[in-house]
Structure formats: structure tokens, C-alpha cells
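Everything numeric in this text was worked out from a predicted model, so none of it was measured.
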Amino acid sequence: MSSLTQKYSITMPRDIAEQARSRSGPSGLSSYVAAAVARQLERDNLNDLIEAMEAHHGPITDEEIQRTRDELNRAREEQGTPGAME
């Protein structure tokens, strides 16, 4: 993450904020929210890439998705990384 920071005021449902605060640990709510936003930006960028690829190559099939999941799971097993994809 960037070392430059700026203070922002955001509004979110209280229950979500309290759950996030309870999970944020010593790094604090700001770090927790920043990490969540960074993950969302990565997902948004990936979705943009998928849309561009599908526009150029056509829709991704269920078989291609499963084959990719299988390859990722094999790679994770070889690396000893947890988190098999379903």
C-alpha cells in the first residue's frame, strides 16, 4: 500500500463498521478498511480484464473456468499454499 495517506470521512452501516472494528486488531479500522478497498479494486480490475478478454475472444465457458480452477488448485498444492478453489 502507498505510504502517503489522507484522512477521509466515509459513511457505512453501523453493524458493518462495528464488525470491522472488532476484527481490525492492532492495525486499526483505517488499515482494515484500506485493505478491503484495495481487494475490491483488484477484483474490479480483474472484472475489467475479463470483460475485455471476453469482448475479444468470446465468453469464457464453464469448462474453461473449471480447468483453470483445477490448475490453480494443483499449483497451490505443489507450493503448499492453503485455499483450494471450489
Say you draw a straight line from [atom1] of [X] to [atom2] of [Y]; how long is it, rounded to the nearest 0.5 Å?
X	Y	atom1	atom2	answer
Glu63	Asp70	CD	CG	12.0 Å
Leu49	Asn45	CG	CG	9.0 Å
Arg14	Arg21	CZ	CZ	11.0 Å
Arg74	Gln79	CZ	CD	13.0 Å
Leu41	Arg39	CG	CZ	11.0 Å
Arg76	Glu71	CZ	CD	12.5 Å

Give the cluster check for [X] versus [Y]: same hydrophobic cluster or not, with ILVMFWY residues linked at side-chain heavy-atom distances below 4.5 Å.
X	Y	value
Tyr8	Leu29	no
Ile65	Leu72	no
Tyr32	Ile10	no

Taking everything shown except His57 itself, do over 12 heavy atoms lie less than 6.0 Å from its NE2? yes

Decide yes or no on side chain to side chain contact (heavy atoms under 4.5 Å, CB included) for Thr68 and Ile60, but give the supporting numbers first. CA-CA 11 Å; Thr68 301; Ile60 300 170; over 6 Å; no

Please tell me if the side chains of Gln66 and Thr61 come closer than 4.5 Å, counting only heavy atoms from C-beta onward. no

Taken in chain and number order and not counting sequence neighbours, the residues that satisfy side-chain contact (heavy atoms from CB on, under 4.5 Å) with Gln19 are Asp15

Can you confirm whether the side chains of Gln40 and Asp44 place a donor and an acceptor under 3.5 Å from each other? yes

Heavy-atom pair with the smallest gap, counting every atom of Pro59 and Glu54: CA-OE2, 3.6 Å

